[in-house]
Number of protein chains: 2
Amino acid sequence: MKHVAPSTIRRLSLYLHFLEACALEGQETVSSRALAEAGGATPAQVRKDLSFFGSFGRRGVGYPVPELAAHLREILGLGRTFRVVLVGAGRLGAALAHFEGFGDRGFRIAAVYDTDASKVGARLDGLVVRGAERLGADLQAAPADIGVIGVPAASAQGVADALVGAGVKAILNFAPVRLLVPEGISVKHVNLALELDALAFALRDGSGR
Amino acid sequence: MKHVAPSTIRRLSLYLHFLEACALEGQETVSSRALAEAGGATPAQVRKDLSFFGSFGRRGVGYPVPELAAHLREILGLGRTFRVVLVGAGRLGAALAHFEGFGDRGFRIAAVYDTDASKVGARLDGLVVRGAERLGADLQAAPADIGVIGVPAASAQGVADALVGAGVKAILNFAPVRLLVPEGISVKHVNLALELDALAFALRDGSGR
DNA sequence: TATTGTGAAGTGGTTCACAGCT
DNA sequence: AGCTGTGAACCACTTCACAATA
């Protein structure tokens with residue numbers, strides 16, 4: 001498969017969410033225009049995005065909702081469930097553990113870890129928080145696909161190393177630090193400070209341009 | 001001022017964070033190579049990014065740390081404090097209210113709101129949660145720069161409308177929905193589901209390529 | 001020698017425009 | 001007529017390469 005632009009992936013994900021909403025309403029086809037609106041793109045871009053992977057629509061008609069949704073799930077690799085481990089059982093960890101978007105879409109939180117002994121043993125959305133030192137042994141017994149880092153910046157790299165060592169191939173990092181990981185490990189960053197700075201920039205001189 | 005690419009803004013923010021760390025260590029100059037490493041860029045790109053706004057370095061030497069940091073703060077519009085209102089006092093709201101990255105960099109949380117009567121009156125990081133119906137009157141008395149939306153998807157658009165109506169010019173949205181806002185209002189989205197889908201894509205066929 | 005500043009070249013993603021089905 | 005599929009044109013960001021300077 002040829003290289004796919006990250007921006008394309010983001011849009012495909014948005015199209016898919018929209019298609020799922022359409023499917024719930026029993027809609028049978030959608031136009032590239034409707035998808036464009038949902039994905040913050042132009043109709044031409046929607047068609048380009050999709051044509052990169054195949055011809056899913058019918059000229060003069062549009063795209064069949066359930067079929068296109070299935071294709072997108074296939075393309076995005078969402079045709080299975082993912083085992084997720086969450087490291088960090090603080091306030092952020094608690095918010096993440098309860099986030100419906102996880103379970104809804106096949107991302108199952110398998111376990112929650114924390115180094116803080118006072119948090120170990122607590123319950124978080126039906127899961128008992130485990131000591132971080134168990135992570136390696138646990139994942140050897142039952143590997144995980146994705147590790148979510150919800151710990152302070154200072155300990156994030158250490159957690160990342162532990163996750164990589166335990167065979168995790170994808171990391172979602174909420175700590176405001178760049179993580180160093182080996183080739184072949186995917187990392188996504190969610191960095192509040194960056195978003196705030198971008199908003200500050202947008203608000204510069206006067207207010208709101 | 002000419003148009004600045006969003007990717008450039010993100011990098012400038014990363015450079016600035018790195019410079020602040022350098023400043024703490026008393027370092028006097030940095031090279032474009034060091035900045036590149038911190039910002040996930042190449043040295044040439046660092047120089048291009050900076051030269052877009054002026055000539056801040058000295059050939060053969062590098063960039064003076066405190067001066068460049070000051071320039072970046074100026075460029076990003078960080079030379080003042082921002083009044084932030086947080087809507088949503090659930091688990092996510094609690095995590096956000098305690099996030100140090102806010103206060104540290106001039107983003108001051110002025111108030112927290114929630115529609116849920118059972119949450120109103122509770123304390124969150126020293127702030128008392130207020131009823132959402134007060135938002136309009138409160139902001140008329142003391143305007144806010146940035147609104148942070150930490151409510152469920154279903155109520156996010158309503159909150160956005162209320163914020164815009166109350167004169168907020170920039171919104172940071174954690175709900176997994178596209179917000180419709182008038183021209184001139186800046187919106188930044190943090191969408192967990194999108195990031196997870198991107199990781200799923202990275203993990204497709206086999207595991208981890 | 002080391003490192004910045006920058007025009008020029010290169011790369012990759014987006015938009016256009018129209019042919020091709022229904 | 002309506003809407004997709006797609007090569008070609010376009011545009012924007014990135015990288016290159018080297019002159020300029022400490």
Side-chain angles (χ1 to χ4, degrees), chain A residues 1-16 18-19 22 27-72 75-76 194 198 201, chain B residues 1-16 18-19 22 27-72 75-76 194 198 201:
Chain A
M1 161 106 22
K2 287 201 294 269
H3 176 252
V4 190
S7 49
T8 301
I9 300 300
R10 220 189 42 245
R11 285 193 300 271
L12 292 181
S13 175
L14 289 168
Y15 303 155
L16 175 55
F18 179 66
L19 286 165
C22 291
Q27 210 172 320
E28 288 184 2
T29 61
V30 282
S31 64
S32 57
R33 187 157 29 79
L35 285 165
E37 211 156 318
T42 63
Q45 186 157 55
V46 172
R47 297 199 296 273
K48 248 289 183 282
D49 284 341
L50 298 177
S51 76
F52 188 83
F53 299 96
S55 297
F56 307 123
R58 286 171 62 193
R59 297 167 198 248
V61 178
Y63 299 89
V65 169
E67 285 86 342
L68 183 55
H71 277 298
L72 290 184
I75 291 165
L76 290 171
L194 251 49
F201 179 77
Chain B
M1 160 106 25
K2 286 200 297 266
H3 176 253
V4 189
S7 48
T8 301
I9 299 300
R10 221 188 42 245
R11 285 193 300 271
L12 292 181
S13 176
L14 291 168
Y15 303 156
L16 175 55
F18 178 67
L19 286 166
C22 290
Q27 210 172 320
E28 288 183 2
T29 63
V30 282
S31 65
S32 57
R33 185 156 29 79
L35 285 166
E37 210 157 318
T42 64
Q45 186 157 56
V46 172
R47 297 198 297 273
K48 251 288 188 279
D49 285 341
L50 297 177
S51 76
F52 188 83
F53 299 96
S55 296
F56 307 123
R58 287 169 63 191
R59 295 165 197 250
V61 178
Y63 299 89
V65 169
E67 284 87 343
L68 183 55
H71 277 299
L72 290 184
I75 291 165
L76 290 171
L194 251 50
F201 178 76

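Chain A is the first sequence line, chain B the second, and so forth, proteins listed ahead of strands; every chain is numbered from 1.
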Round to the nearest Å and state the distance from [X] atom [atom1] to [N] atom [atom2].
X: A/F52; N: D/dT6; atom1: CZ; atom2: P; result: 12 Å
X: B/Q45; N: D/dA17; atom1: CD; atom2: P; result: 16 Å
X: B/R10; N: D/dT14; atom1: CZ; atom2: C1'; result: 14 Å
X: B/R11; N: D/dA12; atom1: CZ; atom2: C1'; result: 12 Å
X: A/L50; N: D/dT6; atom1: CG; atom2: P; result: 11 Å
X: A/H3; N: C/dG12; atom1: NE2; atom2: P; result: 8 Å
X: B/L68; N: C/dT4; atom1: CG; atom2: P; result: 11 Å
X: B/K48; N: C/dT6; atom1: NZ; atom2: P; result: 8 Å

Looking at side-chain heavy atoms only, is the closest gap between [X] and [Y] below 4.5 Å?
X: A/D49; Y: A/V46; result: no
X: B/F201; Y: A/V4; result: yes
X: B/V30; Y: B/Y15; result: no
X: A/L12; Y: A/L50; result: yes
X: B/L35; Y: B/L68; result: yes

Check: For B/P64 and B/F56, which heavy atoms make the closest approach, and how far apart are they?
Finding: CD-O, 3.2 Å
Could I get a table of every N or O pair under 3.5 Å where one atom is in the protein and the other is in nucleotides 2-4 of chain D?
{"residue": "D/dG2", "atom": "N2", "partner": "A/G60", "partner atom": "N", "Å": "3.1"}
{"residue": "D/dC3", "atom": "O4'", "partner": "A/G60", "partner atom": "N", "Å": "3.3"}
{"residue": "D/dC3", "atom": "O2", "partner": "A/G60", "partner atom": "N", "Å": "3.1"}
{"residue": "D/dT4", "atom": "OP1", "partner": "A/S32", "partner atom": "N", "Å": "2.7"}
{"residue": "D/dT4", "atom": "OP2", "partner": "A/S32", "partner atom": "OG", "Å": "2.7"}
{"residue": "D/dT4", "atom": "O2", "partner": "A/R59", "partner atom": "NH1", "Å": "3.2"}

Next item on the list: Give one of base, sugar-phosphate or nothing for A/S7, where a contact means two heavy atoms less than 4.0 Å apart.
Entry: sugar-phosphate
